[in-house]
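Just so you know, these numbers use all the heavy atoms, side chains as well, and skip hydrogens, waters and symmetry mates. First the proteins, then the strands, lettered A, B, ... as listed; each starts at 1.
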Amino acid sequence: MSGYEKPSRGWGFCALSPVLLSLLMAAPLGLLGEETRQVSLKVISNRLDFSQNLLHIRAVGTNSTLHYVWSSLGPPAVLLVATNTPNSTLSVNWSLLLSSDPDGGLMVLPEESIQFSSALVFTRLFEFDSTNMSDAASRPLGKSYPPYSLANFSWNNITDSLDPATLSATFRGHPIRDPTGAFTNGSLAFRVQAFSTSGRPAQPPRLLHSADTCQLEVALVGASPRGNRSLFGLEVATLGQGPGCPSMQEQHSIDDEYTPAVFQLDQLLWGSLPSGFMQWRPVAFSQKRGSRDSAMPCQSSPLHPTLAYLLPQSPIVRAFFKTQDHSCAFNLTFGASTGPGYWDQHYLSWSVLLGVGTPPVDALSPLVLGIMAVALGAPALMLLAGGLFLLLGRKRDSEYQSIN
Amino acid sequence: MEDEEEEARALLPGGSDEAGRETRAPPAASGALQALCDPSHLAHRLVVLLLMCFLGFGSYFCYDNPAALQIQVKRDMQVNTTKFMLLYAWYSWPNVVLCFFGGFLIDRVFGIRWGTIIFSCFVCIGQVVFALGGIFNAFWLMELGRFVFGIGGESLAVAQNTYAVSWFKGKELNLVFGLQLSMARIGSTVNMNLMGWLYSKVEASLGSAGHTTLGVTLMIGGITCILSLVCALALAYLDQRAERILHKEQGKTGEVIKLTDVKDFSLPLWLIFIICVCYYVAIFPFIGLVKVFFTEKFGFSSQAASAINSVVYVISAPMSPIFGLLVDKTGKNIIWVLCAVVTTLASHIMLAFTLWNPWIAMCLLGLSYSLLACALWPMVAFVVPEHQLGTAYGFMQSIQNLGLAVISIIAGMILDTRGYLFLEVFFIACVSLSLLSVVLLYMVNHAQGGNLNYSAKKREEMKLSHEE
């Protein structure tokens with residue numbers, strides 16, 4: 001795992017609290033807060049058609065297993081399943097999964113060990129024209145072009161991009177029918193990466209990950225925009241729980257050390273903690289080497305309930321969740337009318353962390369704490385020494401005087 | 001300045017508004033006109049004061065143009081923060097050397113009048129080149145412009161002070177210095193709040209944002225430099241006229257710089273230098289970079305961020321004379337410096353580690369910055385013999401500029417790679433080093449029985465006993 005920073009455990013109160021918190025909460029659920037996990041990536045192919053396959057990430061801890069099932073059947077989608085046994089398994093029945101009623105085509109066994117499950121579906125790619133937008137924050141956005149439905153994309157064979165060393169794989173797709181030729185030299189990529197321990201990647205936005213999470217990087221590369229200053233957006237759908245939708249949180253922090261000038265962390269939580277979560281910094285990058293010069297704001301709309309049949313359907317979601325009465329969706333918009341944008345280099349990337357349990361919490365880095373300790377400690381010591389020096393000096397003066 | 005004019009008019013017998021504004025006054029106001037034209041009269045000196053104040057306005061207005069247009073410069077010129085901060089570094093580089101020669105050039109080479117005009121020209125040309133860099137989309141040209149601007153800027157301040165001494169010595173000198181300083185701060189404040197608005201107006205009339213818009217905006221900002229040049233010309237004329245009528249000598253800085261004096265500098269003086277450098281590097285580069293910090297961390301609008309960025313200068317304008325008086329009356333310079341440095345440290349810590357409203361921290365910063373200037377700079381005079389004073393001040397300004405140039409670049413790099421929190425921690429470390437030096441200075445001064453921390457009363461007594 002070269003290129004990754006070691007976790008900063010044992011430094012300061014901030015670093016400890018999430019670990020402690022998750023340990024405390026792990027007791028009843030028995031599936032959370034594992035320090036390290038045995039992570040395996042496996043491609044499950046349809047024996048009849050090798051172009052149809054699923055990516056199964058299985059993260060085994062001492063007394064729990066997390067399953068992430070990524071699929072490009074229909075729109076790109078992921079299932080998150082957490083079980084309280086290290087022995088749970090995924091079973092796929094391809095003929096059932098591909099049928100019109102896929103119910104039961106995909107199961108995690110034993111079923112009673114399932115503690116949490118949910119799904120995300122990436123349904124559409126939006127494109128807007130930003131030329132006549134007066135302000136970045138103004139809504140509605142400028143003229144919008146017809147969206148690309150990701151269900152009508154054709155995707156590469158995931159087996160080729162599987163990298164067991166970095167525990168990553170990439171789904172790369174382009175529209176099946178592309179009359180304008182926008183995607184002739186371009187593609188939309190979903191890079192999935194799992195982690196066996198906690199740490200932080202070297203590439204911005206440098207989200208802190210743990211063994212309970214995996215990271216998704218969505219990258220739009222080389223596609224010709226339909227306007228001079230096109231903004232892109234992504235529609236994300238998830239399952240509602242009961243009548244409501246998962247909650248969206250915006251956390252403000254003082255710490256921007258890992259993503260310069262971004263002081264906000266957005267989270268989507270599927271229920272009261274600990275449960276599933278989605279966590280991202282509201283920033284996207286217009287260059288491969290993401291830096292502050294290429295940082296674009298990323299705005300997210302509130303979650304709104306929507307009827308499931310209005311959205312493109314993912315077979316794995318329908319197969320796993322037998323009854324799927326309503327979905328919730330939200331939109332992400334990358335960039336603003338001014339500043340860096342997709343138009344610079346025809347590149348856009350955005351990263352998000354998916355996981356189960358307590359979301360990772362950033363702590364002040366050891367370097368910051370160290371500098372602060374020295375910067376405040378040294379003058380304080382000096383003042384103390386100075387005070388003593390004065391007191392003693394005065395005392396000696398008075399002694400001399402008494403002798404005189 | 002309005003008040004000054006009012007006052008002047010009130011002093012004039014039968015003074016009227018026209019007298020102040022029109023050159024051809026009606027016969028009824030001829031007395032007032034006479035007063036205005038008589039170099040020995042107060043009214044005439046007030047006109048000169050007005051010109052002196054506006055002499056520095058242009059250079060202070062344009063110095064912080066990059067800070068006011070940080071987002072626009074970085075976007076339109078497509079530069080990162082490190083390169084952006086080079087605009088400040090290039091201003092400081094020439095002054096590392098020129099601080100020693102500004103006084104010499106004015107006294108021996110150009111004379112005060114030509115010196116002022118020449119330095120004003122440098123400021124104007126520098127700003128124009130800076131703006132052309134924007135219009136032609138050439139960042140190196142912008143850097144060159146800032147370099148030329150820097151050659152004029154600091155030396156112009158020396159010339160301004162020389163004029164003040166020459167016209168007001170033994171009269172209202174301290175007040176005049178205070179007013180000049182206030183005017184400088186007003187120039188910075190107006191810049192911070194005006195340039196963003198000006199840019200949006202230019203953008204609206206040109207139809208789009210871009211390097212041309214930036215260049216045109218900066219060119220319009222350069223009008224203030226032309227104004228300053230006009231003031232320099234007017235002052236030169238009035239000064240020459242006064243010399244003819246009153247047989248007044250041409251003003252001299254009286255600075256004698258002997259670089260060999262440096263080896264005689266005492267430990268307290270070196271500590272004062274360290275305090276100065278470490279303190280100012282946590283102020284000026286900070287102000288140059290902090291606008292985006294307010295919009296991103298605290299969610300301020302661009303306008304509000306400009307306003308809060310200028311609050312340090314706004315507070316400094318009225319508080320500098322007040323603190324000056326306070327320090328004069330009480331003495332105890334080291335304690336005041338200590339207070340100022342600790343307050344600055346506290347406000348940086350607030351900005352870094354809390355989400356409290358930044359107005360609190362910035363107001364504290366404004367207060368401490370004004371207090372430090374009033375307490376620190378006069379200390380040099382206590383630890384240096386009078387004949388070395390010029391060298392000591394020149395050296396202090398020189399290393400301050402060196403510090404600013406280097407730290408500006410480092411601050412930009414830190415911001416690009418590590419973000420604002422780390423940048424603030426870096427500034428905290430700088431201020432902390434400054435604080436360490438203050439405490440050391442206190443101890444050294446105490447051990448050597450120095451006079452830095454005497455109260456004003458004790459200083460008076462010492463002076464009297466010395467005279468006896």
Side-chain angles (χ1 to χ4, degrees), chain A residues 131-132 134-137 204-206 228-229 250-264 282-283 291-295 297 336-341 344 362 364-365 367-390 393-394, chain B residues 71-72 74-76 78-84 203 208-210 289 292-293 295-299 301-302 338 341-342 345 348-349 351-356 414-443 446-447:
Chain A
T131 36
N132 286 326
S134 56
D135 193 283
R206 308 200 64 195
N228 284 334
R229 295 178 87 79
E250 287 181 358
Q251 288 184 346
H252 291 272
S253 76
I254 58 160
D255 194 354
D256 67 333
E257 187 176 348
Y258 301 104
T259 40
V262 180
F263 290 91
Q264 193 180 317
V283 63
S291 67
R292 217 167 85 81
D293 319 320
S294 58
S337 56
T338 57
D344 290 336
D362 270 324
L364 294 179
S365 71
L367 194 56
V368 165
L369 291 173
I371 294 175
M372 282 307 292
V374 174
L376 296 183
L381 278 179
M382 199 74 190
L383 271 174
L384 208 69
L388 281 175
F389 166 81
L390 281 182
R394 197 159 288 170
Chain B
I71 301 165
Q72 290 89 337
K74 286 176 62 185
R75 185 185 65 211
D76 296 344
Q78 302 196 333
V79 291
N80 60 19
T81 319
T82 314
K83 288 196 87 178
F84 168 79
E203 184 185 340
S208 73
L289 282 173
V292 177
F293 180 62
T295 54
E296 295 300 323
K297 181 170 175 180
F298 300 98
S301 70
S302 179
L338 186 74
V341 175
V342 169
L345 190 62
H348 269 302
I349 289 176
L351 286 171
F353 292 102
T354 69
L355 288 168
W356 298 351
I414 289 179
L415 181 55
D416 273 339
T417 54
R418 291 266 181 176
Y420 274 105
L421 179 77
F422 204 90
L423 183 66
E424 275 296 307
V425 168
F426 173 72
F427 285 141
I428 287 170
C430 290
V431 179
S432 155
L433 199 59
S434 178
L435 178 59
L436 210 61
S437 310
V438 179
V439 178
L440 253 173
L441 178 64
Y442 185 93
M443 282 156 67
H446 189 85

Peer 1: If you count heavy-atom pairs within less than 4.5 Å of chain B, which of A:Val374, A:Leu381, A:Ile371 leads?
Peer 2: A:Ile371
Peer 1: Starting at CD1 of A:Ile254, measure out to CH2 of B:Trp356 and round the result to the nearest 0.5 Å.
Peer 2: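 One finds 12.0 Å between CD1 of A:Ile254 and CH2 of B:Trp356.
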Peer 1: Would you mind checking which part of B:Leu423 comes under 4.5 Å of any heavy atom in chain A, side chain (CB onward), backbone (N, CA, C, O), both or neither?
Peer 2: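 Interface part for B:Leu423: neither.
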Peer 1: What residues form a salt bridge (Lys or Arg N to Asp or Glu O under 4.0 Å) with B:Glu296, not counting sequence neighbours?
Peer 2: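 Not a single residue meets the salt bridge (Lys or Arg N to Asp or Glu O under 4.0 Å) criterion with B:Glu296.
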Peer 1: A:Asp293 versus chain B, heavy atoms under 4.5 Å apart: side chain, backbone, both or neither?
Peer 2: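 The side chain, not the backbone.
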Peer 1: What heavy-atom pair brings B:Leu435 and A:Pro379 nearest, and what distance separates the two atoms?
Peer 2: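 In this case the closest contact between B:Leu435 and A:Pro379 is CD2-CB, 3.5 Å.
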Peer 1: What part of B:Leu345 is in contact with chain A, defined as an atom under 4.5 angstrom from a non-hydrogen atom: side chain, backbone, both or neither?
Peer 2: side chain
Peer 1: Could I get the full list of salt bridge (Lys or Arg N to Asp or Glu O under 4.0 Å) partners for B:Asp416, not counting sequence neighbours?
Peer 2: A:Arg292
Peer 1: Can you say whether B:Thr295 sits under 4.5 Å from chain A via the side chain, the backbone, both, or neither, judging by heavy atoms?
Peer 2: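 Contact with chain A involves no heavy atom of B:Thr295 at all.
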Peer 1: Report the distance from atom CG of B:Leu421 to atom CG of A:Asp362, rounding to the nearest 0.5 Å.
Peer 2: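 Between B:Leu421 CG and A:Asp362 CG, I get 11.0 Å after rounding to 0.5 Å.
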Peer 1: Does CD in A:Gln251 sit with more than 12 non-hydrogen atoms of other residues, nucleotides or ligands closer than 6.0 Å?
Peer 2: yes
Peer 1: Within a strict 4.5 Å, meaning less than it, do heavy atoms of the B:Phe353 and A:Leu364 side chains meet?
Peer 2: yes
Peer 1: For the residue pair B:Ser432 and A:Ala375, what are the closest heavy atoms and their distance?
Peer 2: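 Result for this residue pair: OG-O, 2.6 Å.
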Peer 1: Chain B heavy atoms under 4.5 Å from A:Thr259: which part of the residue, side chain, backbone, both or neither?
Peer 2: neither
Peer 1: Looking at every heavy atom in both B:Tyr420 and A:Asp256, which two are closest together, and how far apart are they?
Peer 2: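 In terms of heavy atoms, the two residues are closest at N-OD2, 2.7 Å.
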Peer 1: As an exercise, state the distance from CD of A:Glu257 to OG1 of B:Thr417, rounded to the nearest 0.5 Å.
Peer 2: 9.0 Å
Peer 1: Under 4.5 Å heavy-atom distance to chain A, tell me which part of B:Ala429 shows up: side chain, backbone, both or neither.
Peer 2: both
Peer 1: Please check if atom NZ in B:Lys83 has more than 12 non-hydrogen atoms from other residues, nucleotides or ligands closer than 6.0 Å.
Peer 2: no
